[in-house]
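First up is the structure itself, then whatever we jot down about it.
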Amino acid sequence: MRDDTRIEIDVLNDLSQIEAAQWDACACPEDGRPRDPFTTHRFLSALERSGSVGRGTGWQARHLVARAGGQVIAVMPLYAKGHSQGEYIFDHNWAHAYEQAGGRYYPKLQAAVPFTPATGRRFLCRPGQEAVGQSALLQGLVQLASENELSSAHVTFCTQQEYEAGGAAGLLQRTGQQFHWFNRDYADFDAFLADLSSRKRKTIRKERRTAQDFGGTIHLLTGDQIEPQHWDAFWQFYQDTGARKWGTPYLTRAFFEEAHATLRDDILLVMCERDGRWVAGAMNMIGADTLYGRYWGCVEDHPCLHFEVCYYQAIDWALAHGLSRVEAGAQGEHKLARGYLPTPTYSLHWIADPGFRRAVEQYLEGERAAVGEEIEILTEYGPFRKVQGED
């Protein structure tokens with residue numbers, strides 16, 4: 001008799017090897033807009049089809065698919081990494097220490113969305129299959145790393161639930177922090193400002209006035225409002241920022257063509273036009289409950305325009321569309337003064353070598369304590385009024 005409860009794990013070298021409906025039944029099973037736009041089949045496929053990941057990039061797809069009785073019950077976006085670029089959870093010092101001791105750190109496995117420091121599920125399970133699916137993916141991840149004699153496997157920007165479950169299963173736990181804006185049932189931007197201290201409120205109003213005096217118009221575009229001309233301009237912005245931050249931009253020009261074809265409904269572009277020319281812009285991804293700020297760039301410098309386009313316009317749009325939060329990406333304590341609060345991020349790590357694992361575990365214990373203390377201090381010195389009615 002056939003045993004339909006047996007779990008089978010497949011490794012995919014390309015997302016074209018699985019139907020979009022099967023992947024998305026695990027990645028975004030909710031009705032309507034996906035909660036996480038980054039783990040959808042269309043977003044991850046756009047990275048692959050555009051050559052942003054794949055041969056020559058250091059990101060080789062090794063996606064996991066768990067099946068029970070022939071049905072896909074869980075999937076994981078997984079990559080074999082030949083470096084530590086584009087991850088935003090930094091382990092360069094681990095790699096250096098391991099190789100100084102004579103080990104080979106790369107390749108490693110990375111369960112993540114490439115170039116995307118946004119929290120989301122990494123163990124993507126069909127509803128009702130969470131427990132068995134998560135367990136199967138975790139076993140598959142460790143088995144794949146072990147069988148290929150890899151140094152390590154990493155699950156980055158996972159959810160708190162996955163972080164706790166992975167820790168209980170023996171994976172090493174790591175925390176970090178970002179700055180997120182939270183909608184406290186504000187009716188509009190003025191209601192948000194009223195929640196801040198007087199000094200911060202005045203500063204933000206001044207920054208917005210300064211930015212909006214740049215001599216042009218700010219356009220918010222999504223769906224069919226986005227045209228190829230906007231991507232032509234945004235590619236210039238992205239190249240400029242990418243060259244300054246990373247040396248070489250992670251995304252190819254072809255990715256933005258893929259985005260126009262398949263991702264327009266998931267994207268909000270905030271574009272600045274001056275004298276008939278696009279001079280600055282920001283790209284955001286739209287989730288069911290969260291707006292994710294991703295990329296910013298400009299070809300002209302104008303005071304405070306970055307704050308307006310990336311932070312304040314994002315808050316305005318989130319409020320207008322009933323979203324509960326804005327994630328503004330990695331790093332940036334300057335976001336605190338603009339209403340974005342320190343928020344923990346989570347990752348999980350499997351280390352093959354027992355001695356190296358113990359050293360990393362000790363390091364992470366101290367790091368978690370330091371991150372927790374920093375979040376507590378930054379929250380205390382945040383921009384919000386300390387008591388009701390404080391001026």
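One is the number of the first residue; the rest follow in order along the sequence. In what follows, every heavy atom counts, from backbone to side chain, and hydrogens, waters and symmetry copies are set aside.
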Has [X] got a side-chain atom pairing as donor or acceptor with [Y]'s backbone, closer than 3.5 angstrom?
{"X": "Ser135", "Y": "Ala131", "value": "no"}
{"X": "Thr57", "Y": "Trp59", "value": "yes"}
{"X": "His260", "Y": "His230", "value": "no"}
{"X": "Asn284", "Y": "Leu268", "value": "yes"}
{"X": "Thr175", "Y": "Pro344", "value": "no"}
{"X": "Asp24", "Y": "His41", "value": "yes"}
{"X": "Arg49", "Y": "Ala254", "value": "no"}
{"X": "Thr262", "Y": "Ala259", "value": "no"}
{"X": "Arg121", "Y": "Thr159", "value": "no"}
{"X": "Thr343", "Y": "Leu341", "value": "yes"}

Looking at side-chain heavy atoms only, is the closest gap between [X] and [Y] below 4.5 Å?
{"X": "Tyr163", "Y": "Gln173", "answer": "yes"}
{"X": "Gln225", "Y": "His219", "answer": "no"}
{"X": "Phe384", "Y": "Thr379", "answer": "no"}
{"X": "Pro77", "Y": "Arg62", "answer": "no"}
{"X": "Trp317", "Y": "Leu291", "answer": "yes"}
{"X": "Gln129", "Y": "Gln134", "answer": "no"}
{"X": "Met271", "Y": "Phe234", "answer": "yes"}
{"X": "Ile286", "Y": "Asp266", "answer": "no"}

Taken in chain and number order and not counting sequence neighbours, the residues that satisfy ring pair (Phe, Tyr, Trp, His ring centres under 6.0 Å) with His63 are Trp23, Tyr79
Go through the structure and list residues passing ring pair (Phe, Tyr, Trp, His ring centres under 6.0 Å) with Phe192, not counting sequence neighbours. Trp181, Tyr186, Phe189
For the pair His302 and Arg274, evaluate side chain to side chain contact (heavy atoms under 4.5 Å, CB included) and give the outcome as yes or no after the intermediate values. CA-CA 11 Å; His302 294 278; Arg274 182 174 180 268; 3.8 Å; yes
Please walk me through it: do Ile315 and Tyr340 pass side chain to side chain contact (heavy atoms under 4.5 Å, CB included)? CA-CA 10 Å; Ile315 292 173; Tyr340 289 72; 3.6 Å; yes
Approximate separation, where rounding is to 0.5 Å, of [X] [atom1] and [Y] [atom2]:
{"X": "Glu48", "Y": "Leu12", "atom1": "CD", "atom2": "CG", "value": "9.0 Å"}
{"X": "Glu327", "Y": "Thr116", "atom1": "CD", "atom2": "OG1", "value": "11.5 Å"}
{"X": "Asp289", "Y": "Asn183", "atom1": "CG", "atom2": "CG", "value": "9.0 Å"}
{"X": "Arg338", "Y": "Phe307", "atom1": "CZ", "atom2": "CZ", "value": "3.5 Å"}
{"X": "Arg205", "Y": "Leu196", "atom1": "CZ", "atom2": "CG", "value": "9.0 Å"}
{"X": "Leu109", "Y": "Leu78", "atom1": "CG", "atom2": "CG", "value": "5.0 Å"}

Contacts of type side chain to side chain contact (heavy atoms under 4.5 Å, CB included), residue [X], not counting sequence neighbours:
{"X": "Cys310", "value": "Ala282, Trp296, His306"}
{"X": "Gln229", "value": "Glu227, Trp278"}
{"X": "Glu333", "value": "Phe179, Glu374, Leu378"}
{"X": "Ser16", "value": "Asp14"}

Glu367 CD: over 12 foreign heavy atoms closer than 6.0 Å: yes
Is the count of non-hydrogen atoms from other residues, nucleotides or ligands lying under 6.0 Å from Asp190 atom CG greater than 12? yes
Tyr238 vs Leu251, side chain to side chain contact (heavy atoms under 4.5 Å, CB included): CA-CA, chis, key distance, verdict: CA-CA 9 Å; Tyr238 176 72; Leu251 301 176; 3.4 Å; yes
Ring-ring centroid check Phe157 Tyr88, cutoff 6.0 Å: no
For Tyr311, check side-chain hydrogen bond (donor to acceptor under 3.5 Å, both in side chains) against everything at least two apart and list the hits. His334
Members sharing Ile351's hydrophobic cluster, built from side-chain contacts under 4.5 Å between Ile, Leu, Val, Met, Phe, Trp and Tyr, are Trp94, Tyr98, Tyr105, Tyr106, Leu172, Phe356, Val360, Tyr363, Leu364
What residues join Tyr381 in its hydrophobic cluster, counting side-chain heavy atom gaps under 4.5 Å, either direct or through other members? Ile377
Ile7 versus Ala136, closest heavy-atom pair with distance: CG2-CB, 3.6 Å
Pro342 and Ile375: which non-hydrogen atoms are nearest, and at how many Å? CG-O, 3.8 Å
Could you pull out all residues at least two apart from Arg277 that satisfy salt bridge (charged side-chain N to carboxylate O under 4.0 Å, His left out)? Glu300
With side chain to side chain contact (heavy atoms under 4.5 Å, CB included) as the criterion, how do Leu138 and Leu171 come out once you've worked through the C-alpha distance, each side chain's angles and the decisive distance to 0.1 Å? CA-CA 10 Å; Leu138 179 56; Leu171 272 64; 3.6 Å; yes
Carboxylate-amine/guanidinium proximity below 4.0 Å for [X] and [Y]:
{"X": "Glu87", "Y": "Lys108", "result": "yes"}
{"X": "Asp353", "Y": "Arg358", "result": "no"}
{"X": "Asp91", "Y": "Arg174", "result": "no"}

Return all side-chain donor-acceptor pairs below 3.5 angstrom for residues 26-37, not counting sequence neighbours, or 'none' if the list is empty.
| unit_1 | atom_1 | unit_2 | atom_2 | d |
| --- | --- | --- | --- | --- |
| Glu30 | OE2 | Arg35 | N | 2.6 |
| Arg33 | NH1 | Asp265 | O | 2.8 |
| Asp36 | OD1 | Phe38 | N | 2.9 |

Quick one: do the Gln139 and Gln143 side chains pair a donor with an acceptor below 3.5 Å? no
With no hydrogens and no angle check, do the side chains of Glu207 and Thr203 hold a donor and an acceptor under 3.5 Å apart? no
Take the angle between the ring planes of Phe182 and His180 and call it parallel below 30°, perpendicular above 60°, tilted in between. tilted
Checking Phe256, Phe255, Tyr295 against Trp235 for ring-ring contact (aromatic ring centres under 6.0 Å, His included), the one that qualifies is Phe256
For residues 131-154, the ring-ring contact (aromatic ring centres under 6.0 Å, His included) pairs (sequence neighbours left out) are His154-His349
